[in-house]
Amino acid sequence: MNGSERINMAAGEWYTCLDSELEALRILARDAVFEHNSLPPRQRGDVGPALKSLLGAAGERARIEAPFHCAYGFNIFLGDGVFLNAGCIILDTAPVRIGKGTLLGPNVQIYCAEHHKEAAGRQAGLEIAKPVEIGDNAWIGGSAVILAGISIGAGAIVGAGAVVTRNVPPNTTVVGNPARPVRRG
């Protein structure tokens, strides 16, 4: 590991999340998320002002329903017309790119961090960040969980409650834990 923990995180190398610079960035995100989740809907609009300025990108008509939670915010890139329903959680230690027209149901969770396999490494706060990419016009059902390093292709459907542990090809429907392809009817 070289440089700051933020540099290591961005480079996809092992880093310690127990770092003052990363904690300061998480506090900024928590403040922005608090504002987003607390504003009256008409005042908040599609994305609360502080959260919108924190995001890596938010396309036209991208909407995040409250409540919402993210780790940093600056690693989240939303295409035009993306919709995140209430209760979504994005732990964006690495870039999370969600393509245009993609819909996330309530309580979808996206995790970019993987913790160390050894107990001592976990106690030291060691993590490695892996990006998540979701293509255009995908549909992620409520309470689905998408793990670190996963790519979901354009037009794919992830069934409600699925745990996505492998990449999903375009125009494929997956369901279950772990998520497996099914025939579209």
Side-chain angles (χ1 to χ4, degrees), residues 9-14 29 33 36-37 41 44-47 51-52 55-117 122 127-185:
M9 182 177 80
E13 298 173 3
W14 288 101
V33 164
H36 174 84
N37 291 337
R44 178 181 62 237
D46 289 335
V47 182
L51 182 57
K52 189 167 189 169
L55 295 177
E60 298 261 334
R61 302 172 329 282
R63 181 177 187 84
I64 301 174
E65 291 290 346
F68 171 74
H69 178 78
C70 65
Y72 296 98
F74 57 77
N75 276 325
I76 299 173
F77 302 85
L78 306 176
D80 293 343
V82 166
F83 178 79
L84 278 61
N85 212 326
C88 286
I89 296 172
I90 302 178
L91 301 182
D92 61 312
T93 54
V96 175
R97 299 183 188 283
I98 302 176
K100 67 180 179 181
T102 289
L103 309 174
L104 275 64
N107 302 311
V108 168
Q109 299 171 52
I110 299 173
Y111 307 145
C112 292
E114 288 186 357
H115 299 282
H116 202 275
K117 303 293 185 241
R122 289 191 301 275
E127 299 178 346
I128 194 163
K130 298 180 180 177
V132 169
E133 184 151 350
I134 303 173
D136 295 345
N137 301 307
W139 176 20
I140 313 300
S143 297
V145 176
I146 301 168
L147 299 183
I150 295 299
S151 177
I152 297 173
I157 298 172
V158 174
V163 178
V164 184
T165 62
R166 296 183 184 155
N167 292 341
V168 178
N171 301 309
T172 300
T173 298
V174 296
V175 299
N177 179 4
R180 300 273 191 238
V182 296
R183 294 177 56 140
R184 279 188 165 167

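Atoms considered below: every heavy atom in the structure, side chains included; atoms not considered: hydrogens, waters and symmetry mates.
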**Q** Could you tell me which residues satisfy salt bridge (charged side-chain N to carboxylate O under 4.0 Å, His left out) with Lys100, sequence neighbours excluded, listed by chain and number?
**A**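 By the salt bridge (charged side-chain N to carboxylate O under 4.0 Å, His left out) rule, Lys100 matches no residue at all.
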**Q** Evaluate the side-chain proximity of Val174 to Val182: yes if any heavy-atom separation is below 4.5 Å, no if none is.
**A**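 Sidechains of Val174 and Val182: no contact.
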**Q** I'd like to know if the side chain of Asn37 reaches the main chain of Phe68, judged simply by a donor and an acceptor atom lying under 3.5 Å from each other, with no hydrogens or angles considered.
**A**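 It does hold such a pair.
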**Q** Please name all residues satisfying ring pair (Phe, Tyr, Trp, His ring centres under 6.0 Å) with His69, sequence neighbours left out, ordered by chain then number.
**A**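 Once residues adjacent in sequence are excluded, His69 has no partner under the ring pair (Phe, Tyr, Trp, His ring centres under 6.0 Å) criterion.
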**Q** Hey, could you give me each pair passing salt bridge (charged side-chain N to carboxylate O under 4.0 Å, His left out) that has a residue in residues 168-178? Not counting sequence neighbours.
**A** none
**Q** For Phe74, give me all partners under ring pair (Phe, Tyr, Trp, His ring centres under 6.0 Å), at least two apart in sequence or on another chain.
**A**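 By the ring pair (Phe, Tyr, Trp, His ring centres under 6.0 Å) rule, Phe74 matches Tyr72.
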**Q** List in chain and number order the residues that pass salt bridge (charged side-chain N to carboxylate O under 4.0 Å, His left out) with Arg63, two or more places apart in sequence or in another chain; answer none if no residue qualifies.
**A** Asp46, Glu65
**Q** So, for Lys52 and Val47, which heavy atoms are closest and what is the spacing to 0.1 Å?
**A** N-CG1, 3.6 Å
**Q** Report the distance from atom CD1 of Ile134 to atom CD1 of Ile140, rounding to the nearest 0.5 Å.
**A**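 Answer rounded to 0.5 Å: 4.5 Å.
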**Q** Could you tell me whether the side chain of Asp136 and the main chain of Ala154 form a donor-acceptor pair under 3.5 Å?
**A** no
**Q** Between Val158 and Ile152, which heavy-atom pair has the shortest distance, and what is it?
**A**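 Minimum heavy-atom contact is CG2-CD1, 4.0 Å.
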**Q** Looking at every heavy atom in both Ala156 and Pro169, which two are closest together, and how far apart are they?
**A** CB-O, 3.8 Å
**Q** Nearest 0.5 Å, please: how far is CH2 in Trp139 from OG1 in Thr173?
**A** 9.0 Å
**Q** Under the salt bridge (charged side-chain N to carboxylate O under 4.0 Å, His left out) test, which residues partner Glu133, sequence neighbours left out?
**A**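 Not a single residue meets the salt bridge (charged side-chain N to carboxylate O under 4.0 Å, His left out) criterion with Glu133.
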**Q** Nearest heavy-atom pair of Val164 and Val168: which atoms, and what distance?
**A**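 Reported closest heavy-atom pair: CG1-CG2, 3.8 Å.
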**Q** As an exercise, state the distance from SG of Cys70 to CD1 of Ile64, rounded to the nearest 0.5 Å.
**A**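 Output value for this atom pair is 7.5 Å.
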**Q** Please list every donor-acceptor pair under 3.5 Å in which a side-chain atom of residues 102-114 meets a protein atom from a residue at least two apart or in another chain.
**A**
residue	atom	partner	partner atom	Å
Thr102	OG1	Gly99	O	3.1
Thr102	OG1	Gly135	O	2.6
Thr102	OG1	Asn137	N	3.2
Thr102	OG1	Ala138	N	3.1
Gln109	OE1	Tyr111	OH	2.1
Glu114	OE1	Lys130	NZ	3.1

**Q** Hey, is the main chain of Lys117 close enough, under 3.5 Å, to the side chain of Arg122 for a donor-acceptor pair?
**A**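 It does hold such a pair.
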**Q** Applying side chain to side chain contact (heavy atoms under 4.5 Å, CB included) to Leu78 and Ile98, what does each step give before you reach the verdict?
**A** CA-CA 5 Å; Leu78 306 176; Ile98 302 176; 3.8 Å; yes
**Q** Got a sec, which residues hit side chain to side chain contact (heavy atoms under 4.5 Å, CB included) with Ala129, two or more places apart in sequence or on another chain?
**A** Met9, Tyr15, Thr93, Ala94
**Q** Could you name each residue pair satisfying side chain to side chain donor-acceptor pair (under 3.5 Å) that touches residues 142-166, not counting sequence neighbours?
**A**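 Checked against side chain to side chain donor-acceptor pair (under 3.5 Å) - neighbours excluded - no pair reaches residues 142-166.
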**Q** Can you name the nearest heavy-atom pair linking Ala162 to Ala179, along with the distance?
**A**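 Looks like CB-CB, 4.1 Å.
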**Q** If you compare all heavy atoms of Ala29 against all heavy atoms of Ala71, which two are closest, and at what distance to 0.1 Å?
**A** CB-O, 3.3 Å
